[in-house]
Amino acid sequence: MSISQNLLLTIALAPLAGAIVAGLAGKAVGQRGAHTVTILGVLIAFIGSAMVLYQVSGGARFNDTIYQWAVVGKLVMEVGFMVDGLTAMMMVVVTFVSLMVHVYTIGYMAGDPGYQRFFSYISLFTFSMLMLVMSNNFLQLFFGWEAVGLVSYLLIGFWFKKPTAIFANMKAFLVNRVGDFGFILGIGLVMAYAGSLNYAEVFAKAPEIAKLTFPYPTWGGDWMLITVICICLFIGAMGKSAQFPLHVWLPDSMEGPTPISALIHAATMVTAGIFMVARMSPLFELSDTALNFVLVIGAITALFMGFLGIIQNDIKRVVAYSTLSQLGYMTVALGASAYGVAVFHLMTHAFFKALLFLAAGSVIIGMHHDQDIRNMGGLRKHMPITWITALLGSLALIGTPLFAGFYSKDSIILAVEASNLPGTPFAVFAVVAGVFVTAFYSFRMYFLVFHGEERFHHKPFPPNDAPEDDHAHDDHGDHHDATPRESPWVVTAPLVLLAIPSVVIGFMAIQPMLFGDLLKDAIVVDTARHPAMAVLSEGFHGAAAMALHGLQTLPFWLASAGVFCAWLFYLKMPAIPAALDRWLKPLRTVLENKYYLDWFNEHVLAAGARLIGTGLWKGGDQMLIDGALVNGSASLVGRIAGYARQLQSGHLYQYALVMLLGIFFLLTWQLWPYFSGLMR
């Protein structure tokens, strides 16, 4: 059974059509026309994706070329789709979350002068991500990879008159170029040694590539070629999926409007790296070194990015650091060869993280764009729908039994414990300790925003974080009344629709995704060498039994302790965190400076690069090339010509004298041997 090619083309091109109409004919169609055509395009893509997922669950598959546009030697450049369980799941997640964000944007961006432009961008973002996940070859994968990077640059800097937004989008662009450099090196090595960019052909040759060694000796021996390929590919994932130390761009991406924060963090750009590594499982399974590298990087990100969430006071940045930490969990699962668990957490996380971002945006609307959680409090009675949906999203995030996040996060912890890689002990500590950290900072934000004393009456109102000429418009409340109000239905409806899968999708999907046939032919695991999935399968006795058992496990009690500490510190005894802040001020300074990575990047890496560039410019370009070679040779010719001009007097007798002297010297040179012989 095969999937219709026309259906797949419709899914991919419908968001692109909406983006083109809204972008190029925005003034003609107006705001209503722009959001109508883009929402319609994404709705068509979502309905089609749901149909594809239904067909795939029944055994349908698709892997074929749609259009071949160039052949260079053995290299075939083509557009093609590969649709299996992994692709179909990603298509549904991307289009559903994008649809919710599109609807939400109607309310959030109301009155913004860039309204049509924003809808064009987010629809183009959806198209780019679909091309990435549906591709059947590395070239198309790279196209989607770079396209989501480009559109994220446009969206993070959407309010382009705001200096911090311009800095943030440039930072995201440059950091991702570092990752993409490694990514394209990996693709180049694949092409060089596999002779193809088609997934199926590359995977078929993977065992042969695994026998090759990299021709450059390092530390007394050669590297396995497959290890070099996988690490290069993963460096690309480190940039896109914001893994340490290439994570620094993601918190600053909060400078963009909240809807795009939800789209980037939940379903599109940051999930691209996780999806790519899962898709490349036939390659990664052949290199324990690469898997261990992935495991350790993920563990560092999961734990240490969570610590940064504890000290954030911007509501969006708290959720952003939560995303970083959860991406670390997904990466740890990839390193443990639990690829199915990683994409399962990707799927559940997409729903509850989109919910949390959009709920944060609803709070920001109610607070007239004040994002500081210290100025909130008591919003539960003013914004009941936002409150209950944010609570459900937070419970899912911390892994409360029966909620979506519980099934995926606990599965990650169990999979890591079953791993036999050298980095496993550290990874286990990181993901287990991260449970407490996640619960603490999540409910710190929740309690400060929705419970306790109402603090929004105590300060001048409102400190608008967005540029006045771009997004100061606010039709959701009276600027002269500081009391927050519930957001309109176009904002709250997506919250409700996202809250439903945030609660139930884990219970429903764990069996088919982890232990069924949905991902069976999409992911390759060598269970003899990497037993994590086999151990999980042996211990799984149903979703309900897993939830009941979860009430007795260490992660549940750590999460409960995190919630309790947040309640105690920020509602009952706020003197405790104030005292800890004084006692642990050096540690707080380190956290506030984000481990000084931004300082290191700016003052060491960037400054060093500028120093090298200046040296090459001054010494190489100006002194050597311009000064010595170009200008120097011209100067030498000029000096020689100047001396020659001194000899050109214009007097005939001088020329005759020179000619006679020349003849005399020539004769002397020629006859000298003869006369010297006579003299002897």
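Values below: all heavy atoms of this structure, side chains included; hydrogens, waters and symmetry mates excluded.
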(message) Run Phe564 and Trp567 through ring-ring contact (aromatic ring centres under 6.0 Å, His included) and show every step you take.
(response) CA-CA 5 Å; Phe564 173 76; Trp567 171 82; 5.8 Å; yes
(request) Give the ring-plane orientation class for Phe143 versus Phe127, where under 30° counts as parallel, over 60° as perpendicular and anything between as tilted. (result) perpendicular
(request) Locate the shortest heavy-atom distance separating Ser362 from Met383; write the atom from each residue and the value. (result) O-CE, 3.1 Å
(message) What I want to check is whether the side chains of Thr126 and Ser98 have a donor and an acceptor closer together than 3.5 Å.
(response) yes
(request) First locate atom CG of Leu498, then atom CE of Met100, and finally report the distance between them rounded to the nearest 0.5 Å. (result) 6.5 Å
(request) Kindly compute the distance separating CG (Leu356) from OG (Ser261), expressed to the nearest 0.5 Å. (result) 13.0 Å
(message) By the salt bridge (Lys or Arg N to Asp or Glu O under 4.0 Å) test, which pairs, at least two apart or in different chains, include something from residues 84-95?
(response) Asp84-Arg279
(request) Could you label the plane-to-plane angle of the Phe443 and Phe447 rings as parallel, tilted or perpendicular, counting under 30° as parallel and over 60° as perpendicular? (result) tilted
(request) Indicate whether the side chain of Ser408 and that of Thr348 have a donor and an acceptor atom separated by less than 3.5 Å. (result) yes
(request) State, without any angle test, whether Thr424 and Ser419 hold a side-chain donor-acceptor pair at a distance under 3.5 Å. (result) yes
(message) Could you work out, with ring-ring contact (aromatic ring centres under 6.0 Å, His included) as the rule, every residue matching Phe284, not counting sequence neighbours?
(response) none
(request) Give me the ring orientation class for His345 and His349: parallel if the planes are under 30° apart, tilted from 30 to 60°, perpendicular past 60°. (result) tilted
(request) May I ask you to decide if Ala194's main-chain N or O and Lys205's side chain share a donor-acceptor pair within less than 3.5 Å? (result) yes
(message) Using 0.5 Å steps for rounding, measure from the CD1 atom of Ile260 to the CE atom of Met269.
(response) 10.0 Å
(request) Determine, stepwise, if the pair Glu201 / Ser196 fulfils side-chain hydrogen bond (donor to acceptor under 3.5 Å, both in side chains). (result) CA-CA 7 Å; Glu201 296 175 6; Ser196 174; 2.5 Å; yes
(request) Please check if the side chain of Ser287 supplies one atom and the backbone of Ala290 the other of a donor-acceptor pair under 3.5 Å. (result) yes
(message) Could you check whether any side-chain N or O of Gln243 sits under 3.5 Å from a backbone N or O of Ser241, counting only pairs where one atom can act as donor and the other as acceptor?
(response) yes
(message) Under the rule for ring-ring contact (aromatic ring centres under 6.0 Å, His included), what residues qualify as partners of Phe515, not counting sequence neighbours?
(response) Phe540
(request) Please assess Phe96 against Phe351 for the test ring-ring contact (aromatic ring centres under 6.0 Å, His included), listing each intermediate value before the final yes or no. (result) CA-CA 9 Å; Phe96 177 74; Phe351 294 119; 5.7 Å; yes
(request) Provide the full list of salt bridge (Lys or Arg N to Asp or Glu O under 4.0 Å) pairs with a residue in residues 516-529, sequence neighbours left out, each pair given once. (result) Arg61-Asp521, Asp288-Arg529, Asp526-Arg529
(message) Just to verify, what does Arg380 make a salt bridge (charged side-chain N to carboxylate O under 4.0 Å, His left out) with, not counting sequence neighbours?
(response) none
(request) Spell out, as yes or no, whether a donor-acceptor pair under 3.5 Å connects the side chain of Tyr104 to the backbone of Leu358. (result) yes
(request) Heavy atoms only: give me the nearest Leu286-Pro207 pair and the separation to one decimal. (result) CD1-N, 4.2 Å
(request) Mind listing the closest non-hydrogen atom pair of Val42 and Thr95 along with its distance? (result) CG1-O, 3.6 Å
(message) To check you understand the geometry: which heavy-atom pair defines the closest contact between Phe450 and Trp387, and what is its length?
(response) CE2-CA, 3.6 Å
(message) Using side-chain heavy atoms (C-beta onward) and a distance below 4.5 Å, is Asn198 in contact with Phe203?
(response) no
(request) Would you check if the side chain of Arg444 reaches a backbone N or O of Ile310 as a donor-acceptor pair within less than 3.5 Å? (result) yes
(request) Please confirm whether the backbone N or O of Gly434 pairs with a side-chain atom of Thr438, one donor and one acceptor, at under 3.5 Å? (result) yes
(request) Return the set of residues passing ring-ring contact (aromatic ring centres under 6.0 Å, His included) with Phe293 (not counting sequence neighbours), or none when no residue passes. (result) Phe234
(message) Can you give me the closest heavy-atom contact between Phe357 and Lys316, atom names plus distance?
(response) CE2-O, 3.9 Å
(message) Looking at every non-hydrogen atom in both residues, tell me the closest pair between Val101 and Ala262 and how far apart they are.
(response) CG2-CB, 4.2 Å
(request) Report the distance from atom CG of Leu8 to atom CG of Leu130, rounding to the nearest 0.5 Å. (result) 10.5 Å
(request) Check whether any side-chain N or O of Lys409 sits under 3.5 Å from a backbone N or O of Ala404 as a donor-acceptor pair, and report yes or no. (result) no
(request) Find the distance between CG (Leu283) and CE (Met280) and round it off to the nearest 0.5 Å. (result) 6.5 Å
(request) Using modelled atom types only, decide if a donor and an acceptor are shared between the side chain of Thr87 and the backbone of Met82 within a distance under 3.5 Å. (result) yes
(message) Whether the side chain of Thr301 engages the backbone of Gly328 through a donor-acceptor N/O pair (distance < 3.5 Å, no angle test) should be reported.
(response) no
